[in-house]
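Inspection log for the structure reproduced underneath, given as structure tokens.
Heavy-atom basis, side chains included; hydrogens, waters and symmetry copies ignored. Note that the structure is predicted; figures quoted are calculated from it, not measured.
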Amino acid sequence: MAGGSVATAAEILNVTPSAVSHALGRLRTQLDDPLFVRVGGKMQPTETAMRLAEDLGPVLQGLRRALKPQDTFDPATSNRLFRIALHSSPAFMARTTALILKEAPNVMIDWVRIKPINRTDLADGLIDLMQVGGPAHLGDGIEVVDLAPFTFFSFVRKKHPAAKNWSAETAEQYRYLQVAVEDQHGIKPIETEHRQRDRPRTVGGKVQDFSLVGPMLAATDFIATQPSAAMEENWKQYDLEVLEPVAAPTNFPHRFAWSARNNSDPANTWLRELVIEAYSTHQDEITRQFSEVAIPLSG
């Protein structure tokens, strides 16, 4: 129908004219219709052929699209929207957004707040990449990659009295600030470590986001024990003292997760490789900086 002749059809299909003639012969037998007849030196379709072409054309086009090799992802020209669920870390988010836009200037990055519902959206492919802390089971249909466990440090305001003689006994005199992360389902790993080490801790305040830790510490005598990767901006902006923690997890799991349905998607692969590598570098570097300046625990 498209080529108007056996020879043109053979050229389009990249087969011999004889193969097209044999295939046409089989169709004629199966459908009990000549399908094409020669009129005035040209092959003309019968009514049956015209009807089949009208009905089957969209089906064949759909098959071509489904079987076509997947297009490669070109960051330089893509305008795709990417959603990344990450615990608040403004400095890292800003640097990583700039890094993404350097390679893909037309994409849009939506940094999504971590919430329990995110896991359903992740499995459905509505979120491209999500940071996951803790041992929680993520369910079927989700792929993960493990990163190095979080390293925890304690933080206090500059010239905090506890920093002059930092010890477990000194820490007991002050209350702690807690970040009430929504996806931990009541699990408080730092509190667990304090109980196991028999080092009492009293919580004096709670905030819902890591970005609030800095201003709260700067204005109070609270102590906050947090993962290093979440505290870069707080530390620099509020000139916090870094302390070796009285009690903190030493092997707290940390992962990035994505939908299994996006596992082979070139765009998603590009995104997660870039973000995961950037986060690993960020975590290693800020942990090194904190380790160099942390006041050791005496006693």
Do D121 and V112 have side chains that get closer than 4.5 Å, going by heavy atoms?
-> no
Closest non-hydrogen atoms of Q208 and R113, given as atom of the first, atom of the second and distance, are O-NH2, 3.2 Å
In terms of heavy-atom contacts, F252 and P249 come closest through CB-CB, 3.9 Å
Mutual orientation of the aromatic rings belonging to F290 and W235 [parallel < 30°, tilted 30-60°, perpendicular > 60°] | perpendicular
Partner of D128 under salt bridge (Lys or Arg N to Asp or Glu O under 4.0 Å), picked from R83, R80, R272, is R80
query = Counting distance only, does the side-chain N/O of E244 pair as donor-acceptor with the main-chain N or O of L297 below 3.5 Å?
reply = yes
Next item on the list: Indicate, with yes or no, if the rings of H254 and Y279 have centres closer together than 6.0 Å.
Entry: yes
- prompt: Backbone N or O of E277 within a donor-acceptor pair of the T281 side chain at under 3.5 Å?
  reply: yes
For P161 and D221, the nearest pair of non-hydrogen atoms, with its separation, is CD-OD1, 4.4 Å
Backbone of L126 reached by a side-chain donor or acceptor of D124 within 3.5 Å:
no
Query - CD/E47: more than 12 non-hydrogen atoms of other groups inside 6.0 Å - result: no
### Short N-O contact, E292 and R288, less than 4.0 angstrom
yes
side-chain hydrogen bond (donor to acceptor under 3.5 Å, both in side chains) evaluation trace for W111 with T97
CA-CA 9 Å; W111 294 99; T97 298; 2.9 Å; yes
_Using a 3.5 Å distance criterion without hydrogens, assess whether the side chain of R199 forms a donor-acceptor pair with backbone atoms of V246._
yes
Is a side-chain donor or acceptor of R28 paired with a backbone partner of P34 at a separation under 3.5 angstrom?
yes
Review point. Between the main-chain N or O of F210 and the side-chain N or O of N234, is there a donor-acceptor pair closer than 3.5 Å?
Key: yes
*Would you find more than 12 non-hydrogen atoms of other residues, nucleotides or ligands less than 6.0 Å from D140 atom CG?*
no
Would you call the rings of H282 and F92 parallel, tilted or perpendicular, taking 30° and 60° as the class edges?
tilted
**Asked** With distance as the sole test, does Q283 use its side chain to make a donor-acceptor pair with the main-chain N or O of A148 at under 3.5 Å?
**Response** yes
Tightest non-hydrogen contact, residues T225 and A248, listed as CG2-CB, 4.1 Å
ask   = More than 12 non-hydrogen atoms from neighbouring residues, nucleotides or ligands closer than 6.0 Å to CD on E285, yes or no?
value = yes
Between S228 and T287, the two heavy atoms sitting closest are OG-OG1, 2.6 Å
dist S5:OG -> E11:CD (nearest 0.5 Å) comes out at 9.0 Å
Q) salt bridge (Lys or Arg N to Asp or Glu O under 4.0 Å) between E232 and K236: does it pass, once the steps are laid out? A) CA-CA 6 Å; E232 177 187 7; K236 292 179 177 178; 3.1 Å; yes
side-chain contact (heavy atoms from CB on, under 4.5 Å) test vs K158 passes for just one of L217, D239, L240, namely D239
